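Worksheet: the structure to be examined is printed underneath.
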Amino acid sequence: MDPRFNYYGTASGGKFMKHLLSAAKVVSGSTVPSTTLHLVELRASQINGCGFCVDMHSKDLAHEGETSVRLNLVAAWREATVFTDAERAALELAEQGTRLADGAGVSDEVWENAAKHYDEEELATLVSLIALINTWNRLNVITRQPAGSYEPGQFG
């Protein structure tokens, strides 16, 4: 499978990608644990069917020492006992923030649960990350970016 085109090969695409990468640097500088950020990225990518991002975030998690049990249970996190309450709150926020067309958006209950575990700055990070990973997923799915060749740390 080959991508439909090189997004960086266009002037507007290259500019857009530059800004997305800048946004990603803001999010990665948060006090939210890196593992939680990657779990959120992985779950949103699973929901959106973005193979490229599922490949990337599962490999980044493994590279950071995440266990195969937790990696394999991200898609079934509600039934799994291996995630902390804070991680579960972030995963639920990510799911509702990703599945906007399935319902009424993010419920007050889900927001309040997330606010029990994360302060205002961390909530801003999580909301920004959810928006950002959904953007990346859409770009990669639309342009059919192939999965499987990502190496941890490949993008910095």
Side-chain angles (χ1 to χ4, degrees), residues 16-143 145-156:
F16 188 70
M17 290 298 200
K18 178 181 174 182
H19 291 289
L20 285 179
L21 291 170
S22 293
K25 286 180 184 177
V26 172
V27 171
S28 68
S30 166
T31 58
V32 176
S34 174
T35 297
T36 302
L37 297 176
H38 286 309
L39 289 171
V40 164
E41 291 168 323
L42 178 56
R43 184 64 191 126
S45 299
Q46 289 171 335
I47 292 167
N48 288 324
C50 181
F52 184 87
C53 289
V54 167
D55 180 43
M56 178 190 321
H57 299 298
S58 61
K59 285 177 179 175
D60 284 342
L61 279 160
H63 184 73
E64 290 181 6
E66 192 54 71
T67 67
S68 60
V69 171
R70 282 175 39 102
L71 281 173
N72 291 329
L73 288 173
V74 170
W77 66 267
R78 280 184 178 78
E79 295 82 22
T81 59
V82 296
F83 299 103
T84 67
D85 289 342
E87 289 169 337
R88 295 170 68 76
L91 288 165
E92 189 166 34
L93 183 64
E95 280 197 6
Q96 285 196 1
T98 298
R99 296 183 187 270
L100 296 177
D102 292 351
V106 176
S107 71
D108 289 340
E109 178 184 34
V110 167
W111 182 262
E112 290 165 9
N113 188 38
K116 288 178 190 175
H117 301 281
Y118 302 99
D119 65 25
E120 291 282 316
E121 191 66 33
E122 292 168 329
L123 286 170
T125 295
L126 287 170
V127 170
S128 299
L129 177 64
I130 293 163
L132 186 61
I133 191 59
N134 275 279
T135 300
W136 284 116
N137 290 165
R138 280 152 179 77
L139 287 169
N140 289 328
V141 169
I142 291 167
T143 61
Q145 295 301 311
S149 63
Y150 176 77
E151 295 293 329
Q154 178 176 329
F155 298 121

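Predicted model, so just to flag it, every value in this text is computed and none were measured. Counting from 1, the numbers follow the sequence of the chain as shown.
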*Report the C-alpha distance between Trp77 and Glu87 in whole Å, list the side-chain angles of each, state the deciding distance to 0.1 Å, and finish with yes or no for side chain to side chain donor-acceptor pair (under 3.5 Å).*
CA-CA 9 Å; Trp77 66 267; Glu87 289 169 337; over 6 Å; no

Considering only heavy atoms from C-beta outward, does the side chain of [X] approach that of [Y] to under 4.5 Å?
X: Glu66; Y: His38; result: no
X: Arg70; Y: Leu39; result: yes
X: Ile47; Y: Arg99; result: yes
X: Lys116; Y: Asn113; result: yes
X: Trp111; Y: Val127; result: yes
X: Arg138; Y: Asn134; result: yes

What pair of heavy atoms forms the shortest contact from [X] to [Y], and how long is it?
X: Gly105; Y: Leu100; value: CA-CD2, 3.9 Å
X: Val141; Y: Asn48; value: CG2-O, 3.9 Å
X: Thr36; Y: Ala90; value: CG2-CB, 3.7 Å
X: Cys53; Y: Ser45; value: CB-OG, 3.1 Å
X: Val54; Y: Ser58; value: O-OG, 2.7 Å
X: Ala94; Y: Val40; value: CB-CG1, 3.7 Å

Within the distance-only criterion (no hydrogens, no angle test), does the side chain of [X] pair as donor or acceptor with the backbone N or O of [Y] below 3.5 angstrom?
X: Thr125; Y: Glu121; answer: yes
X: Thr143; Y: Leu139; answer: yes
X: Gln96; Y: Ser107; answer: yes
X: Glu64; Y: Leu61; answer: no
X: Asp55; Y: Gly51; answer: no

_Under 4.0 Å between a side-chain nitrogen and a carboxylate oxygen: does that hold for Glu95 and Arg43?_
yes

Just how far is it from atom [atom1] of [X] to atom [atom2] of [Y], taken to the nearest 0.5 Å?
X: His57; Y: Asp60; atom1: NE2; atom2: CG; answer: 7.0 Å
X: His19; Y: Ser22; atom1: NE2; atom2: OG; answer: 7.0 Å
X: Leu20; Y: Lys18; atom1: CG; atom2: NZ; answer: 12.5 Å
X: Leu126; Y: His117; atom1: CG; atom2: NE2; answer: 11.5 Å
X: Asp119; Y: Thr31; atom1: CG; atom2: OG1; answer: 5.5 Å
X: Leu129; Y: Leu93; atom1: CG; atom2: CG; answer: 10.0 Å

_Show, in sequence, the C-alpha distance, side-chain angles and deciding distance for Met56 and Leu42, and conclude whether the side chain to side chain contact (heavy atoms under 4.5 Å, CB included) test is met._
CA-CA 8 Å; Met56 178 190 321; Leu42 178 56; over 6 Å; no

*Assign the ring pair Phe52 / Tyr150 to parallel, tilted or perpendicular, where the plane angle (0 to 90°) is split at 30° and 60°.*
perpendicular

*asked:* Under the criterion side chain to side chain contact (heavy atoms under 4.5 Å, CB included), I'd like the reasoning laid out for Glu92 against Arg78: C-alpha separation, chi angles, the key distance, then a yes or no.
replied: CA-CA 9 Å; Glu92 189 166 34; Arg78 280 184 178 78; 4.1 Å; yes

*asked:* Using side chain to side chain contact (heavy atoms under 4.5 Å, CB included), reason through Leu73 and Phe83 one step at a time and then give a plain yes or no.
replied: CA-CA 9 Å; Leu73 288 173; Phe83 299 103; 4.2 Å; yes

